[in-house]
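Notes follow once the structure below has been shown.
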Amino acid sequence: MFDQSCSRRSFLGLAGGVAAFAGLGLAGCGSAPASGSAAGGADAALSGTINCGGATSFQPLIEAVADEFMTENPDVVIAISGGGSGDGISGIVDGSLQIGRSDVFAEEKVDDESQLEGLVDNQVCIVGMGPIVNANVDIDDITTEQLAGIFTGQITDWSEVGGTAGTINVINREAGSGTRATFEAAVLQGAEVPADFTPVAEVDSSGTVVEQVAATEGSISYVAFNYYETNEGIKALNVDGVEPTQENVESGDFNIWAYEHMYTRSDEDEATAAITQAFIEYIMSEDVQSTTVIEQGFIPVSNMQVQKDVDGNVTPVE
């Protein structure tokens, strides 16, 4: 059908889809696959294509898990695209995606609460996020207050935050990005960005952020932890003296983090519902959570000592 050296998600990246997922309730990260699901392989005899698009922060994780899933289910294709959390939510709402990926709750993205009807929130893991700078920037730690000043245009020179004098070049994610929404909620904490503040660039994916920061002297931006080691031209900063590590996110000491949501629909077309359900169960299974999720730089929900609601309130896990 096509060259086997080309991944099926790349080959079918433009494939269309119908609506998403039937009858899967909200499940916790780490739950075991249901009996008869595709996680067991050939017994389910699944076939067909589903479309999964949205947030780029955990796209590498989904690609890795999709490859494993498709190996076990050779007649299934998971077509994966990016675009950001806004695209993930709009795609699951309008039915062009069977799975819409988002770094933020759907409530934060829809214009009308009626659009939430039928959506199922599968919180598959946790993503830690933090500021990165060009490798030549000579600071290693920054405060939340300083970050807020930089990303609202009030602080414009590295000498103002303890570095060597030089212009701070802000590289931002585009409007609609869940990574941006998470970062701004934790750092700006409701502060308005002045209309006259213009970053040097606004880009549409985490991978592009890394490339731009590595190539731009004096630059700063933010990405998920799993992008920290992808380019020697960047370095991650501690925030308020706290290292951006999995352990510090789990304990609540590092506060820039979000749930990774894979939204589906309770009224998905029967033609694709079985595949969607099986794939969600697969990524939430104990085997995948304890291996691929961690290896890809993410945190199982079951590891968290704190929890966050749609309003950003953080409380201890009971």
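Just so it is clear, the values below take in all heavy atoms, side chains as well, and ignore hydrogens, waters and symmetry mates.
- At a threshold of 4.5 Å between side-chain heavy atoms, the hydrophobic network of Ile, Leu, Val, Met, Phe, Trp and Tyr places I294 and Y259 in two separate groups.
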Under 3.5 Å donor-acceptor pairs involving side-chain atoms of residues 310-318, not counting sequence neighbours:
residue: N313; atom: ND2; partner: D309; partner atom: OD2; Å: 3.2
residue: T315; atom: OG1; partner: Q307; partner atom: NE2; Å: 3.4

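- Within the 4.5 Å cutoff, side-chain heavy atoms of E107 are placed close to those of L116.
- Taking hydrophobic clusters as Ile, Leu, Val, Met, Phe, Trp and Tyr residues chained together by side-chain heavy-atom distances below 4.5 Å, V104 does not share a cluster with V120.
- Looking at heavy atoms from C-beta onward, I220 lies in side-chain contact with L147 at the 4.5 angstrom threshold.
- Looking only at side-chain heavy atoms (C-beta outward), M129 and D103 come within less than 4.5 Å of each other.
- For Y222, the ring-ring contact (aromatic ring centres under 6.0 Å, His included) partners are F151, F183, not counting sequence neighbours.
- Atom CD1 of I132 is separated from atom CG of N231 by 8.5 Å, given to the nearest 0.5 angstrom.
- Closest non-hydrogen pair, I275 versus I78, comes out as CG2-CD1, 4.3 Å.
- Applying the ring pair (Phe, Tyr, Trp, His ring centres under 6.0 Å) rule to pairs touching residues 299-318 yields nothing, sequence neighbours excluded.
- When side chains are defined from C-beta on, L46 counts as touching F69, because their heavy atoms get closer than 4.5 Å.
- Using modelled atom types, one finds a donor on one side chain and an acceptor on the other under 3.5 Å when comparing T292 with E68.
- Qualifying side chain to side chain donor-acceptor pair (under 3.5 Å) partners for S219, counting only residues two or more places apart in sequence or in other chains: none.
- Residues that satisfy the side chain to side chain contact (heavy atoms under 4.5 Å, CB included) test with T143, not counting sequence neighbours, are E145, Q146, D240.
- Residues satisfying the side chain to side chain donor-acceptor pair (under 3.5 Å) test with S85, not counting sequence neighbours, are none.
- In this structure, G88 and L97 approach most closely via the heavy-atom pair O-CD1, 3.8 Å.
- Here I50 contributes atom CD1 and Q277 contributes atom CD; the two are 11.5 Å apart, rounded to the nearest 0.5 Å.
- Side-chain contact between N169 and T167 is present, with at least one heavy-atom pair separated by less than 4.5 Å.
- For T230, the side chain to side chain contact (heavy atoms under 4.5 Å, CB included) partners at least two apart in sequence or on another chain are V210, Y227.
- The closest donor-acceptor contact from the side chain of R101 to the backbone of C52 lies under 3.5 Å.
- The ring pair (Phe, Tyr, Trp, His ring centres under 6.0 Å) contacts involving residues 73-115 comprise F105-H261, where partners must be two or more places apart or lie in separate chains.
- Distance check: E160 CD to W158 CH2 gives 10.5 Å after rounding to the nearest 0.5 Å.
- Side-chain atoms of N303 and I126, non-hydrogen and from C-beta on, never get closer than 4.5 Å to each other.
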Would you sort out whether Y263 and I92 count as a side chain to side chain contact (heavy atoms under 4.5 Å, CB included), showing the intermediate values?
CA-CA 7 Å; Y263 280 96; I92 196 65; 4.1 Å; yes
Please step through side chain to side chain contact (heavy atoms under 4.5 Å, CB included) for the pair F197 and V170, ending with a clear verdict.
CA-CA 10 Å; F197 171 63; V170 175; 4.0 Å; yes
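- Between I89 and S102, the closest heavy-atom pair is CD1-CB, 3.8 Å.
- The CD atom of E295 lies 10.5 Å from the CG atom of L61; values are rounded to the nearest 0.5 Å.
- No side-chain donor-acceptor contact under 3.5 Å links T208 to the backbone of D204.
- There is no side-chain donor-acceptor pair under 3.5 Å between S285 and D287.
- For T245, the side chain to side chain contact (heavy atoms under 4.5 Å, CB included) criterion is met by E243, E247, N248, not counting sequence neighbours.
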Could you please spell out the steps behind the side chain to side chain contact (heavy atoms under 4.5 Å, CB included) verdict for K109 and V93?
CA-CA 11 Å; K109 290 292 183 182; V93 168; over 6 Å; no
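- The residue from I150, V193, N172 that alone fulfils the side-chain contact (heavy atoms from CB on, under 4.5 Å) condition with P199 is N172.
- Scanning both residues, A224 and V127, for their nearest heavy atoms gives CB-CG2, 3.4 Å.
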One pair to check against side chain to side chain contact (heavy atoms under 4.5 Å, CB included): V223 and T179. What are the steps and the verdict?
CA-CA 7 Å; V223 289; T179 302; 5.8 Å; no
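- Summarising the geometry, atom CG belonging to N136 is positioned 11.5 Å from atom OG1 belonging to T216; distances are rounded to the nearest 0.5 Å.
- Contact of the P244 side chain with the V239 side chain is not registered, since no non-hydrogen atoms from C-beta on lie closer than 4.5 Å.
- A heavy-atom distance below 4.5 Å is not found between the side chains of N51 and S96.
- Under a cut-off of 6.0 angstrom, the local environment of CD in E117 is sparse, with at most 12 non-hydrogen atoms contributed by other residues, nucleotides or ligands.
- D112 meets the side chain to side chain contact (heavy atoms under 4.5 Å, CB included) test with S114, Q115; sequence neighbours excluded.
- Looking at Q289, its side chain does come within 3.5 Å of a backbone N or O of I283 through a donor-acceptor pair.
- A side chain to side chain donor-acceptor pair (under 3.5 Å) with R173 holds for exactly one of S205, S206, S57; it is S206.
- Panel note: side chain N226, backbone F58; no donor-acceptor pair is recorded below 3.5 Å.
- Here the closest non-hydrogen pair linking D141 and V242 is OD2-N, 4.4 Å.
- Looking only at distances, no side-chain donor or acceptor of Q59 sits under 3.5 Å from a matching main-chain atom of G54.
- Take F254 and apply the ring-ring contact (aromatic ring centres under 6.0 Å, His included) test, not counting sequence neighbours, and it matches F225.
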Less than 3.5 Å apart, which donor and acceptor atoms pair up between the side chains of residues 184-192 and the rest of the protein, not counting sequence neighbours?
residue: E184; atom: OE2; partner: R180; partner atom: NE; Å: 3.1
residue: Q189; atom: NE2; partner: A186; partner atom: O; Å: 3.0

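- Side-chain atoms of N122 and T264 include a donor-acceptor pair closer than 3.5 Å.
- A donor-acceptor contact shorter than 3.5 Å links the side chain of K235 to the backbone of V137.
- The two residues I139 and G162 make their nearest non-hydrogen contact at CG2-C, 3.8 Å.
- In this structure, the separation between OH on Y282 and CE on M70 is 10.5 Å, given to the nearest 0.5 Å.
- Looking at T56, its side chain never comes within 3.5 Å of a backbone N or O of G82 through a donor-acceptor pair.
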